[in-house]
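Since this is a predicted model, take the numbers as computed values, not measurements.
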Amino acid sequence: MMFSNQDTYLQRNYQAGWHDLVYLFFNEYTEGRGDKDPDALRRIGQMMAQWYPIDGASTVNELEASINRVLELFNWGFVKMAPAQRELILLHCAWPHAPEYRDEAGWRRASAYVLEGAYSQWLVSQGAGNQVPVRWKDNATEDVLIFRYAINE
């Protein structure tokens with residue numbers, strides 16, 4: 001794992017201009033719409049995952065490492081995966097928060113939707129069925145976004 005310590009990762013700097021630009025972009029898709037248009041953000045995440053494919057993986061540890069190599073390019077945190085009987089839990093840690101004095105809840109929701117699309121696409125690229133999307137569990141943990149990929153619900 002590249003960054004096993006979340007606090008160390010959170011101390012990294014984000015480029016203010018790019019961070020602000022992405023915030024404005026996310027805000028355009030979410031302002032005043034609530035959850036009406038998450039699919040546009042999911043498609044953006046899916047396209048990002050297609051542009052930045054991951055290596056083939058035969059284990060969950062390899063999958064996690066491959067995705068983390070791509071997330072490192074964007075300085076967008078890291079993922080830890082926990083397989084269960086019929087699901088895979090993805091814990092996206094140390095995601096970059098909204099620029100100062102901005103709508104953190106909207107940024108969190110938009111970030112989660114983009115990541116849903118990216119994670120879904122990366123799993124499809126590994127042979128997972130595209131009928132089972134990765135979905136965010138709207139959790140209250142400040143620095144972790146929890147996603148679930150559940151089979152045969």
Side-chain angles (χ1 to χ4, degrees), residues 1-10 12 14-15 18-19 21-23 25-30 33-98 104-153:
M1 173 101 232
M2 288 181 196
F3 293 97
S4 57
N5 183 333
Q6 181 169 308
D7 292 332
T8 299
Y9 199 95
L10 287 170
R12 298 177 77 182
Y14 301 103
Q15 287 187 306
W18 282 109
H19 201 191
L21 179 62
V22 171
Y23 173 82
F25 174 76
F26 280 4
N27 193 51
E28 182 64 24
Y29 276 95
T30 59
R33 295 183 193 149
D35 287 344
K36 290 182 186 172
D37 195 18
D39 288 335
L41 291 168
R42 288 180 185 126
R43 283 190 302 275
I44 290 166
Q46 180 183 13
M47 287 185 287
M48 184 198 76
Q50 289 170 338
W51 284 16
Y52 294 89
I54 60 171
D55 298 330
S58 56
T59 68
V60 172
N61 287 339
E62 288 176 5
L63 178 63
E64 182 180 295
S66 189
I67 290 174
N68 281 330
R69 280 191 288 278
V70 174
L71 292 173
E72 171 67 12
L73 295 173
F74 297 98
N75 197 17
W76 233 39
F78 59 94
V79 68
K80 292 185 177 191
M81 296 183 178
Q85 281 187 326
R86 299 189 103 127
E87 66 182 0
L88 180 65
I89 303 297
L90 297 91
L91 305 171
H92 188 100
C93 305
W95 58 286
H97 293 271
E104 187 72 32
W107 173 269
R108 177 185 192 82
R109 184 173 52 252
S111 297
Y113 292 148
V114 169
L115 287 167
E116 281 181 350
Y119 284 132
S120 293
Q121 179 59 38
W122 283 324
L123 289 175
V124 165
S125 78
Q126 298 297 303
N130 60 4
Q131 304 301 319
V132 183
V134 173
R135 286 295 177 247
W136 172 50
K137 293 172 62 175
D138 190 357
N139 59 300
T141 307
E142 185 175 325
D143 294 321
V144 177
L145 297 171
I146 300 172
F147 297 89
R148 185 170 177 253
Y149 175 76
I151 302 168
N152 295 331
E153 289 214 306

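Annotation: the span from W107 atom CH2 to W95 atom CH2 amounts to 8.0 Å, rounded to 0.5 Å. In this structure, CZ in F78 is found 9.5 Å from CG in L91, a value given to the nearest 0.5 Å. Note that CG of L115 is 10.5 Å distant from CH2 of W136, once rounded to the nearest 0.5 Å. H92 NE2 to N68 CG: the interatomic distance, rounded to the nearest 0.5 Å, is 8.5 Å. With rounding to the nearest 0.5 Å, the separation of NZ in K137 from CD1 in I89 is 5.5 Å. To the nearest 0.5 angstrom, L90 atom CG is 10.5 Å from I146 atom CD1.
For the pair V70 and F74, the tightest heavy-atom approach, listed with the atom from each and the gap, is O-CD1, 3.4 Å. Heavy-atom minimum distance, Y149 versus A128: OH-CB, 3.1 Å.
Contact annotation: the side chain of R148 never approaches that of V134 to less than 4.5 Å [non-hydrogen atoms, C-beta and beyond]. With a 4.5 Å cut-off on side-chain heavy atoms, I67 and Y119 count as touching.
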Enumerate, atom names and distances included, each donor-acceptor pair closer than 3.5 Å involving a side-chain atom of residues 43-58, sequence neighbours excluded.
| unit_1 | atom_1 | unit_2 | atom_2 | d |
| --- | --- | --- | --- | --- |
| Q46 | NE2 | Q121 | OE1 | 3.2 |
| D55 | OD2 | R69 | NH2 | 3.3 |
| S58 | OG | E62 | OE1 | 3.0 |

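Identified under the salt bridge (charged side-chain N to carboxylate O under 4.0 Å, His left out) test for residues 112-134, with sequence neighbours left out: R42-E116, E116-R135.
For P83, the side chain to side chain contact (heavy atoms under 4.5 Å, CB included) partners two or more places apart in sequence, or in a different chain, are V60, L88.
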